Amino acid sequence: MPLKFRLITGRTIEQGRSMEAEGKFSDGYRKAVALAEMNPKDVEILGIRNNAKIVSVYGSVVVGVKPNSDVPPGLVFIPMGPWANVLTLPATEGTGMPTLKNIDVHVEPTSEDPTPLSAILELYGVEKISHRPTERPLAIGSRRVVNDVPCPFCGEVCDFLTVELEGEKITRILNACPIGHAKIMNYHKHRVLTPMIKHEVNGDFIEVDLEQALNRAAEILATAKYPLIYGLSNTCVEAIELAVELAEITRGVIDNTTTLCHGPTVMAVQEVGAVKITLGMAMNLADTMVFWGCNPMSAHINHIRRVVIPEGKFVKGRKERKIIVVDVRRSETAKLADIFIQVEPGKDYELFTALRMALRDYDIEAPNVAGVPREKIYELVDIMRTARFGVIFFGMGLTQGGAKHKNLEEVIKLVQELNEWSKWTLLPMRGHYNVTGSNHAMLWLTGYPYGVEFSRGFPKMIPGVTTTIDLLMNSEVDAALIIASDPVAHFPQKAVENLMKLPKIVIDPFWSLTAGVADVLIPSGVTGIECEGTVYRLDDVALKVKKLVDPPKDVLCDTDILSRLISKVKKLKRLA
Ligand code: SF4
């Protein structure tokens with residue numbers, strides 16, 4: 001008998017590790033993401049043996065089931081990836097952010113095998129996916145040790161890694177978490193090393209030289225009426241600045257992955273401001289840390305050893321810090337906490353409002369709010385107002401479902417009001433490597449942090465209109481340039497279906513699902529390993545990332561590729 005559940009999606013260590021070490025076409029990645037975690041009681045009630053069919057209003061998918069008592073009854077957790085995205089909702093409700101959490105689904109046991117990737121891609125309208133991963137040849141040479149290397153995976157940008165090399169081969173990495181380690185160690189695997197253009201009739205990739213690939217890409221962009229430039233969070237700000245210029249000369253629209261992670265945060269900060277903090281200040285000053293709707297133990301693993309455990313100038317390490325986790329399930333981070341508060345999915349807004357009431361000494365009449373007993377709310381407020389220095393780290397649990405940007409407005413107001421009692425600050429746990437830098441670069445060039453369009457010759461941003469998912473759902477764009485990103489693996493199904501109808505240019509160092517469906521595929525060097533540049537850490541600190549080795553022969557960095565593409569587009573549009 002199928003039963004009603006709430007679906008949430010998110011990162012796991014194995015999802016991140018397998019996509020970096022083995023690639024998104026691998027069995028390891030499929031096993032990591034074609035998987036639903038459910039409470040053992042729900043598994044028993046439904047009579048699930050191995051697999052379950054999960055159905056939302058947008059589609060259905062069969063996945064393996066892992067019983068996990070940390071997931072509360074009534075909830076299903078699926079790691080982000082193509083399987084989850086068959087079920088997610090493209091509706092952004094005027095925010096630009098699709099609904100990736102708190103989705104109503106039905107679950108029923110099945111003896112069917114998990115849905116294969118090929119069947120999911122067929123659902124997306126992918127007729128043929130070409131996948132030709134190559135291993136970058138590595139010249140073996142003398143031994144070198146490079147210190148203070150910034151990690152090129154997540155927004156934490158840990159800049160204390162030591163990398164040992166023998167020529168171009170990386171032999172040892174110190175201080176990286178398992179995901180960062182997998183990314184750097186395997187930088188030579190699953191590579192695109194030759195430019196390719198898709199054959200118009202049989203859909204096979206034809207290898208071409210860079211000049212031919214750039215000419216075809218320039219033709220597509222110059223003839224498009226309203227092209228979309230998307231991605232940009234895994235490249236440097238120097239490349240992002242060039243991408244903005246390209247959007248302006250093509251009178252298109254440029255968006256970065258903020259649209260799918262902390263877009264609502266950025267909107268709320270623009271509305272009501274925010275008291276922010278750097279990681280160093282948090283480590284030195286904070287005696288109370290709240291992790292709300294985020295799980296750094298799976299997504300920003302070094303964050304705990306960097307900020308929570310060490311001794312700071314005014315706090316003697318973990319033993320003097322109170323750690324509070326607020327989440328819909330007992331995450332790995334919750335297991336480290338002194339206090340875990342389980343909130344009902346999609347009810348964070350109600351809990352923030354109750355906390356603000358308690359802070360002002362108003363009575364809370366309801367015995368519990370958002371599944372949290374009233375006494376617990378008073379207790380939490382007491383801890384917060386008597387803290388010497390507090391920080392709330394928050395994640396996509398607040399941005400991707402429920403009240404979206406209204407959640408963020410509430411948490412910002414809570415922090416503002418807490419500052420009447422004590423010192424409190426706020427920091428979003430940004431996911432992608434340089435997503436913070438993409439916001440900064442777009443902001444200083446256009447006045448807007450993401451979803452910026454140039455159709456009238458000047459920049460304009462309307463969340464829910466000029467943001468990628470909305471543009472795709474409304475079929476408003478007529479070509480796409482994807483830079484260092486994999487929307488086919490991470491957008492809701494309906495948005496991918498519409499992306500598939502467009503001519504697509506992809507610039508990426510690695511084979512991704514999006515690279516496999518490109519019309520023009522241009523290989524690039526890996527920023528932070530083969531190409532240097534500037535990136536921004538999640539706390540807005542700018543860092544120079546290093547070039548450890550040269551890019552492969554005939555492969556350019558994103559900045560060089562985009563400069564050449566801009567010249568060609570300008571020529572075709574008679575702007576040069
Ligand atoms: S926490 Fe993030 S930046 Fe730091 S090593 Fe891990 S993946 Fe890299």
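Atoms within each ligand, like the ligands themselves, are counted from 1 in listed order. Note that the coordinates shown come from a computational prediction; the quantities given were computed from them, not determined experimentally. Reckoned from all heavy atoms, side chains included, excluding hydrogens, waters and symmetry mates. Sequence positions, counted from 1, serve as the residue numbers for this chain.
Counting atoms of ligand 1 from 1 in the listed order, those under 4.0 Å from a heavy atom of Cys158 are 1 (S), 3 (S), 4 (Fe), 5 (S). Close contacts between ligand 1 and Gly180 involve ligand atoms 7 (S), 8 (Fe) [criterion: under 4.0 Å to a heavy atom]. In summary, the atoms of ligand 1 found under 4.0 Å from a heavy atom of Asn302, numbered by their order in the structure, are 1 (S), 4 (Fe), 5 (S).
Side-chain atoms of Asn68 never come within 3.5 Å of backbone atoms of Glu37 as a donor-acceptor pair (strictly under, hydrogens ignored).
Among the atoms of His303, no N, O or S atom is found under 2.8 Å from atom 2 (Fe) of ligand 1.
Under the 3.5 Å distance criterion, with hydrogens and angles disregarded, no donor-acceptor pair is assigned to the side chains of Ser142 and Glu166. Under 3.5 Å, the side chains of Asn256 and Ser233 contain no donor-acceptor pair of N or O atoms. In summary, the side chains of Arg430 and Thr258 do present a donor paired with an acceptor at a separation below 3.5 Å, with no hydrogens or angles considered.
In terms of protein heavy-atom proximity, atom 2 (Fe) of ligand 1 is nearest to Cys154 SG, 2.3 Å. Taking atom 8 (Fe) of ligand 1 as the reference point, the nearest protein heavy-atom neighbour is Cys151 SG, 2.3 Å. Of the protein's heavy atoms, Cys177 SG, 2.2 Å lies nearest to atom 6 (Fe) of ligand 1.
Distance check for Cys531 and Cys557: the SG atoms are under the 2.5 Å cut-off.
Counting heavy atoms under 4.0 Å from ligand 1, residue Val157 touches it through the backbone alone. Within the 4.0 Å heavy-atom criterion, the part of Ile301 lying near ligand 1 is the backbone and not the side chain.
What you find for Thr88 and Ile103 is that their closest heavy atoms are CA-CD1, 3.7 Å.
For the side-chain hydrogen bond (donor to acceptor under 3.5 Å, both in side chains) with Glu164, the lone residue among Lys169, Arg144, Arg172 that qualifies is Arg172.
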